[in-house]
Amino acid sequence: ALQAELANSGNRLTDDIARIDNNIWGVRRDLAKVLQGLSHHRATFDDSIDKRIIDKRIIELQQEWQACYQHVNAVPLETKYEHTGSDPYINMRFEQRGTAFVGREQELEALHAFLNSDPKAENGPDIRWWQVSGAAGQGKSRLGLHLVDTVGSDWHAGFLRADNLAQTPWDRVRFLQPTLIVIDDLAAPGKAALFGKAFRRLAARSDLGAKVRFLILERAGYGHDEGYGGWMTQVDQQDHACVESYQYAAASLALPDISPDNMIRIANSWRAGRGSQLEPLSEAEEHKLLAIMERKSQSGEKRCWRPLFAM
């Protein structure tokens, strides 16, 4: 009778923990929706509204949102809603929702197919990775951010910082729902080695409980015929075979050039989102912008033909 009572108590405790986890996860999803709405509407406020108040509230909500992870022992991911300050370059670089998402619809569709792909092995852990490659300013981070925004509340999705990549206990961290982990700049010193160790620990587990997808954003692509990009050479030899075996495709998702029409759409979208409500470019200004961006280097490369420079 005592053993039966202990078993029943254990089952009740498990159910209670599950309910708490679900409630915390629901709070996290609700906070994410509020953050997304505030971030989206912030750029449309006129100059009569002190945006510092909005920024302060966004940061407070971000901190509450992050605190949910500590309760459920989940991977601490960021959705990059917080704003970085008044420096115009920093804001141009990191306020990536400040422009419309255009010209990458096919790539977005390919990434959703990657998320919904079958596991590598029927009885193995459902983990896969893929890479988006392209030059600086070509839109890798913007694409990854838009994917995070569009996967919906059924996914735990966001960007993983290097310190969290190192500190997360990958052999026991919990996955309560499908998880998308975006890692930017994996070729940074030491970062790829951490990724290799984390991936090998996940691959050894049989208790994940949900699919896990890693999206890597890095300039140099890879392919079996030409070797991997620079980041793969930094993965420890003992982890290399494991990482390679779980790749989604034989080559990275390389970002092609944006069309001239879409470049103009990006430029006008950025202007519309400024506090001063800049007018759309005139036809003459459009031609001037495209002419500047089309200039080629001595090697014949159009180094300025990148969405970042359209802003």
Side-chain angles (χ1 to χ4, degrees), residues 21-22 25-26 28-30 32-33 36 69 72 74-80 96-97 100-134 138-160 165 168 170 173-184 186 195 198-218 221-224 228-229 231-232 242-256:
D21 286 348
N22 289 332
W25 218 247
R28 187 197 68 84
R29 286 195 295 266
D30 292 341
K33 292 177 182 178
Q36 186 173 359
Y69 300 123
V72 297
V75 181
L77 302 178
E78 297 182 351
T79 48
K80 298 191 179 229
Q96 295 164 341
R97 293 178 181 83
F101 181 81
V102 297
R104 299 296 186 203
E105 290 77 13
Q106 290 185 346
E107 289 77 15
L108 183 65
E109 183 177 349
L111 289 177
H112 277 286
F114 157 62
L115 296 184
N116 296 317
S117 60
D118 294 329
K120 173 180 175 289
E122 184 176 347
N123 297 323
D126 192 357
I127 56 175
R128 305 298 291 272
W129 66 267
W130 201 17
Q131 178 185 337
V132 172
S133 61
Q138 195 71 289
K140 300 184 298 297
S141 297
R142 182 68 175 92
L143 178 59
L145 191 64
H146 193 74
L147 180 65
V148 168
D149 284 346
T150 56
V151 291
S153 59
D154 289 337
W155 282 77
H156 173 36
F159 285 69
L160 184 67
L165 176 60
T168 297
W170 295 102
V173 67
R174 300 171 68 192
F175 296 94
L176 300 178
Q177 62 184 141
T179 300
L180 166 62
I181 301 171
V182 184
I183 303 179
D184 208 346
L186 194 58
F195 172 71
F199 207 92
R200 182 163 60 90
R201 289 172 181 167
L202 284 179
R205 292 178 58 175
S206 59
D207 61 342
L208 290 184
K211 65 173 59 182
V212 180
R213 298 292 182 266
F214 287 87
L215 180 64
I216 297 166
L217 310 177
E218 186 54 65
Y222 67 88
H224 288 309
Y228 286 92
W231 68 266
M232 194 64 171
C242 176
V243 172
E244 185 175 0
S245 68
Y246 281 93
Q247 67 182 23
Y248 169 66
S252 64
L253 179 62
L255 297 184

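Hydrogens, waters and symmetry mates play no part in the numbers below; they use all other heavy atoms, side chains included.
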> Look at the side chain of Arg128 and the backbone N and O of Asp118, then say whether any donor-acceptor pair between them is shorter than 3.5 Å.
yes
> Would you say the side-chain atoms of Thr168 pair up with the backbone N or O of Leu165, donor to acceptor, closer than 3.5 Å?
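Checked: no pair found.
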> Report the distance from atom CG of Leu202 to atom SG of Cys242, rounding to the nearest 0.5 Å.
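Between Leu202 CG and Cys242 SG, I get 9.0 Å after rounding to 0.5 Å.
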> Starting at CD1 of Ile181, measure out to CZ of Phe175 and round the result to the nearest 0.5 Å.
5.0 Å
> Any side-chain to backbone donor/acceptor pair from Arg213 onto Ser117? Under 3.5 Å, distance only.
yes
> Between His156 and Val75, is there a donor-acceptor pair closer than 3.5 Å when you use the side chain of the first and the backbone of the second?
yes
> So which atom in Ala157 and which in Leu77 form the shortest heavy-atom distance, rounded to 0.1 Å?
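That would be C-CD1, 3.8 Å.
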> Given Phe214, which of Trp129, Tyr246, Phe195 fulfils the ring pair (Phe, Tyr, Trp, His ring centres under 6.0 Å) condition?
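One option only clears the test, and that one is Phe195.
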> Looking at every non-hydrogen atom in both residues, tell me the closest pair between Asn116 and Lys211 and how far apart they are.
CA-NZ, 3.7 Å
> Taking atom CD1 of Ile216 and atom CG of Asp184, what is their separation to the nearest 0.5 Å?
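Nearest 0.5 Å value for the CD1-CG distance: 11.0 Å.
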> Taking side chain as C-beta onward, heavy atoms only, is Phe159 less than 4.5 Å from Leu145?
yes
> With the side chain counted from C-beta on, respond yes when Leu147 and Val182 share a heavy-atom pair under 4.5 Å apart, and no when they do not.
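No - every pair of side-chain heavy atoms lies 4.5 Å or more apart.
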> Which residues pass the salt bridge (charged side-chain N to carboxylate O under 4.0 Å, His left out) test with Asp207, sequence neighbours left out?
Arg205
> How long is the gap from CG on Leu215 to CG on Leu180, to the nearest 0.5 Å?
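Reported value, rounded in 0.5 Å steps: 6.5 Å.
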> Do Pro256 and Arg104 have side chains that get closer than 4.5 Å, going by heavy atoms?
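Yes; the side chains approach each other to less than 4.5 Å.
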> Any chance you could measure Gln247, atom CD, to Ser252, atom OG, to the nearest 0.5 Å?
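It comes to 10.5 Å.
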> Supply the atom-to-atom distance Ser141 OG to Leu217 CG, rounded to the nearest 0.5 angstrom.
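These two atoms lie 5.5 Å from each other.
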> Donor-acceptor pairs are to be reported for all side-chain atoms of residues 105-115 against protein atoms at under 3.5 Å, with residues two or more places apart or in another chain.
unit_1, atom_1, unit_2, atom_2, d
Glu105, OE1, Gly103, N, 3.2
Glu105, OE2, Gly103, N, 3.3
His112, NE2, Thr150, OG1, 3.4

> Do any N or O atoms from the side chain of Glu218 and from the backbone of Leu186 form a donor-acceptor pair under 3.5 angstrom?
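Looks like yes, one N/O pair under 3.5 Å.
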